Asker: 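Here it is, the structure in full.
Nothing here was measured: the structure is a model prediction, and the numbers come from that model. No hydrogens, no waters, no symmetry mates; every other heavy atom, side chains included, goes into these values.
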Amino acid sequence: MSHLRLPPDTHMAPHSTSLCFSGTLCFTRLPPLPLFSSSALSLPVSRQFTRMSSSSSSIDSVPSPPDNAIVLGCGGIAVDFLATVDSYPQPDDKIRSTSLKVQGGGNAANALTCAARLGLTSRLISKVANDSQGKGMLEELEEDGVDTSFLVVSKEGNSPFTYIIVDKQTKTRTCIHTPGDPPMLPADLSQSSMLSALDRANIVYFDVRLHETALVIAKEAGRKKIPILVDAEKKRDGLDDLLQFADYVVCTAKFPQVWTEASSTPGALISMLLRLPKLKFVIVTLGEEGCLMLERASKAEVLQSQETDIESLVETLTHRKDSTTTFPTCVSSETTKLKADGIGTVSGRLFLGTAEKIPPDELLDTTGAGDAFIGAVLYAICAGMPPEKMLPFAAQVAGCSCRALGARTGLPHLTDPRLVPFLV
């Protein structure tokens, strides 16, 4: 299938907006800014990784990506206008930015860019407008090897864009998103295109941004028995329906309790596995605290063992983790019956992953760190990594992404020396 191309004489939509940095931070109308950069930031390998890879590990020993592994994603794509400021402004302030970067963004587009750099064949279903920003987004994705032939291009309207204010003082970012118009509808994606996109796919990923289209794809993927990963960032329209098809869920720290109304995160993870019988594992990302993963035991692994309180088990794993290392690690339980008071019991394993301890002077921007984590999890699933390897690997990929401005600049390739110790 040939790529959908935008004509060369594209224009910004009349009502679209750009971000101006001429001494002060201001939101105004500007000509198009087709400024995209897909180059990765080259950083020195930190001491601990030099030590880890000083044995037999080397770039030459990095395993090849899974043969012809294909990931299909459906969801958000955008242009990110990233402004770095010394500190977040107070109401009615006028402040200066210290830097500006314009590059592609959007959860699904970021995660698939990460997966592509790690060696997977990445296909994206989304929608852009026939404007210069849409053209720039397609070109940037294609440069990273993402298949854009299934993207829908609207003749009119505006492509999605996001203003992102990166606070150097608090190491946080604030996003102001403007959706694309017109929005994507299931009718925009023909049956033949959907079937072509799903052809030979090893896994399908949804960020729940285009929920109506995603549900149509999820039903077909389910019929074809293609595994599905859902990014449960927060409650969204259509999320509950998509979760019923999910084999894997990666969610943010607050989501499990909000969705299940459980009193704690560990109890909420048990509730999710009970409510979603198809679910094989759920991961909750906890920022600098790492992540917590609950994996359902297979029928062959189910043991008639004594029940273990999941809250107590989390405490045990927390005491077992090595707090002295700076690189990501993982500790896990044995397969057992896990119980949460007032919720129920699930047979499975609990994993506690740590995050990389990034030196403050190297931590530049957390934008897209969750997308990088998901991109690495997609790779790990296709590569058949066990959770003990998958969680540190995904955390390291996310850590790499935090060392550069923007969601994609710092995304590593599979041969990056910082990843080698996690692949051998």
Side-chain angles (χ1 to χ4, degrees), residues 1-6 13 70-79 104-112 115 121-131 133-134 137-138 141 146-162 177-250 259 276 278 371 374 378:
M1 178 177 291
S2 61
H3 287 259
L4 292 172
R5 299 288 184 178
L6 296 172
I70 297 171
V71 54
L72 170 65
C74 173
I77 184 172
V79 177
N107 291 35
N110 293 338
L112 290 183
T121 299
S122 299
R123 300 170 178 169
L124 176 62
I125 294 175
S126 193
K127 186 173 184 177
V128 298
N130 187 12
D131 54 21
Q133 294 179 348
M137 282 188 275
L138 294 184
L141 287 169
V146 178
D147 184 350
T148 65
S149 62
F150 303 102
L151 267 81
V152 176
V153 180
S154 172
K155 293 181 180 180
E156 299 178 347
N158 66 275
S159 295
F161 59 94
T162 305
H177 181 66
T178 300
D181 183 65
M184 186 168 188
L185 300 173
D188 291 331
L189 183 68
S190 68
Q191 179 77 1
S192 61
S193 290
M194 179 181 67
L195 294 177
S196 295
L198 287 167
D199 182 41
R200 295 175 291 109
N202 296 83
I203 191 167
V204 179
Y205 154 65
F206 301 110
D207 68 6
V208 203
R209 286 304 198 288
L210 310 173
H211 65 278
E212 293 175 328
T213 302
L215 187 57
V216 174
I217 298 170
K219 290 178 179 178
E220 185 61 32
R223 282 191 286 269
K224 293 179 176 294
K225 301 188 183 306
I226 303 172
I228 291 173
L229 185 147
V230 172
D231 173 10
E233 187 177 40
K234 62 181 180 180
K235 280 190 170 183
R236 300 182 190 277
D237 290 342
L239 173 61
D240 288 358
D241 293 331
L242 281 173
L243 285 175
Q244 300 302 318
F245 292 90
D247 297 271
Y248 315 103
V249 171
V250 178
W259 191 71
L276 304 170
K278 190 173 185 284
D371 302 331
I374 288 175
L378 290 168

Asker: Evaluate the side-chain proximity of Met194 to Ile217: yes if any heavy-atom separation is below 4.5 Å, no if none is.
Answerer: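 Result yes, sub-4.5 Å side-chain heavy-atom pair found.
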Asker: I need the minimum non-hydrogen distance between Ala115 and Ser122, along with the two atoms involved.
Answerer: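 Closest pair (atom of Ala115, atom of Ser122, distance): CB-OG, 3.7 Å.
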Asker: Roughly how far, to the nearest 0.5 Å, is the CZ atom of Arg209 from the CD atom of Glu233?
Answerer: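 With rounding to 0.5 Å, CD (Glu233) is 5.0 Å from CZ (Arg209).
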Asker: What verdict does the side chain to side chain contact (heavy atoms under 4.5 Å, CB included) test give for Leu141 and Ile77, after you've listed the backbone C-alpha separation in whole Å, the side-chain angles of each residue and the deciding distance to 0.1 Å?
Answerer: CA-CA 10 Å; Leu141 287 169; Ile77 184 172; 3.6 Å; yes
Asker: Verify, without hydrogens or angle tests, whether Asp241 (side chain) and Gly238 (backbone) share a donor-acceptor contact under 3.5 angstrom.
Answerer: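 It does not hold such a pair.
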Asker: Minimum heavy-atom separation for Thr162 and Ala78, please, with both atom names.
Answerer: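 Smallest heavy-atom distance, with atoms named: OG1-CB, 4.0 Å.
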Asker: Could you tell me whether the side chain of Ile203 reaches within less than 4.5 Å of the side chain of Leu378, counting heavy atoms only?
Answerer: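 Yes. Closest side-chain heavy atoms under 4.5 Å.
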Asker: Give a yes or no answer on whether the side chain of Asp131 reaches the backbone of Ser159 with a donor-acceptor pair at less than 3.5 Å.
Answerer: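 Here the side-chain-to-backbone pair exists.
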Asker: Quick one, Met184 with Leu189, criterion side chain to side chain contact (heavy atoms under 4.5 Å, CB included). Give me CA distance, side-chain angles, the key distance, then yes/no.
Answerer: CA-CA 9 Å; Met184 186 168 188; Leu189 183 68; 4.2 Å; yes
Asker: Do Arg123 and Val146 have side chains that get closer than 4.5 Å, going by heavy atoms?
Answerer: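 Arg123 vs Val146: side chains apart.
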Asker: Does a side-chain heavy-atom distance below 4.5 Å link Val208 with Val230?
Answerer: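 Yes, at least one pair of side-chain atoms sits under 4.5 Å.
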Asker: As an exercise, state the distance from CD of Glu156 to CG of Asn158, rounded to the nearest 0.5 Å.
Answerer: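 So the gap between those two atoms works out to 11.5 Å.
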Asker: Mark yes or no for whether Asn130, through its side chain, and Ser154, through its backbone, hold a donor-acceptor pair below 3.5 Å.
Answerer: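 Such a contact is absent between Asn130 side chain and Ser154 backbone.
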Asker: Ignoring hydrogens, what is the shortest heavy-atom contact between Gly75 and Leu210? Give both atom names and the distance.
Answerer: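 Closest approach of Gly75 to Leu210, heavy atoms only: O-CD1, 3.6 Å.
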Asker: Are Thr121 and Val71 close enough, and set up right, to give a side chain to side chain contact (heavy atoms under 4.5 Å, CB included), and what steps lead you there?
Answerer: CA-CA 6 Å; Thr121 299; Val71 54; over 6 Å; no
Asker: Where do Phe245 and Lys278 come nearest, in terms of heavy atoms and distance?
Answerer: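 Scanning both residues completely, I find the closest heavy atoms to be O-NZ, 3.1 Å.
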Asker: Say whether, by atom type as modelled, one donor and one acceptor occur between the side chain of Ser196 and the main chain of Ser192 under 3.5 angstrom.
Answerer: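 Present.
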Asker: Counting only N and O atoms by type, is there a donor-acceptor contact under 3.5 Å from the side chain of Asp207 to the main-chain atoms of Ala108?
Answerer: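 Looks like yes, one N/O pair under 3.5 Å.
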Asker: To the nearest 0.5 Å, tell me how far Ile228 CD1 sits from Gln244 CD.
Answerer: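 If I round to the nearest 0.5 Å, the distance is 11.5 Å.
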Asker: By side-chain hydrogen bond (donor to acceptor under 3.5 Å, both in side chains), which residues pair with Asp240, not counting sequence neighbours?
Answerer: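 Here the qualifying residues are Trp259.
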Asker: If you round to the nearest 0.5 Å, how far is CG of Leu239 from CZ of Phe206?
Answerer: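 Separation between the atoms: 12.0 Å.
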Asker: So, do Leu229 and Val250 sit near enough that their side-chain heavy atoms are less than 4.5 Å apart?
Answerer: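 Sidechains of Val250 and Leu229: in contact.
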Asker: Return the CG to CG distance between Leu112 and Asp371, rounded to the nearest 0.5 Å.
Answerer: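 Rounded to the nearest 0.5 Å, the CG-CG separation comes out at 9.5 Å.
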Asker: Indicate the atoms forming the closest heavy-atom contact of His177 with Phe161, along with that distance.
Answerer: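 It is ND1-O, 3.4 Å.
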Asker: Quick check for you: to the nearest 0.5 Å, what is the distance between Ile374 atom CD1 and Tyr205 atom OH?
Answerer: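 Rounded to the nearest 0.5 Å, the CD1-OH separation comes to 4.5 Å.
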Asker: Under the 3.5 angstrom rule, does the side chain of Lys127 hit a backbone N or O of Val152 as a donor-acceptor pair?
Answerer: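 No; judged by distance alone, with no hydrogens or angles, the pair does not exist.
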Asker: Is any side-chain heavy atom of Leu72 closer than 4.5 Å to a side-chain heavy atom of Leu198?
Answerer: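 Heavy-atom side-chain distance check passes, below 4.5 Å.
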Asker: Could you check whether any side-chain heavy atom of Asn202 comes within less than 4.5 Å of a side-chain heavy atom of Ile226, counting everything from C-beta outward?
Answerer: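 Sidechains of Ile226 and Asn202: no contact.
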Asker: Apply the test side chain to side chain contact (heavy atoms under 4.5 Å, CB included) to residues Ile125 and Leu151: give CA-CA distance (whole Å), side-chain angles for both, the deciding distance (0.1 Å), then the verdict.
Answerer: CA-CA 5 Å; Ile125 294 175; Leu151 267 81; over 6 Å; no
Asker: Can you confirm whether Leu124 sits close enough to Thr148 that some side-chain heavy atom of one is under 4.5 Å from a side-chain heavy atom of the other?
Answerer: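 Leu124 vs Thr148: side chains apart.
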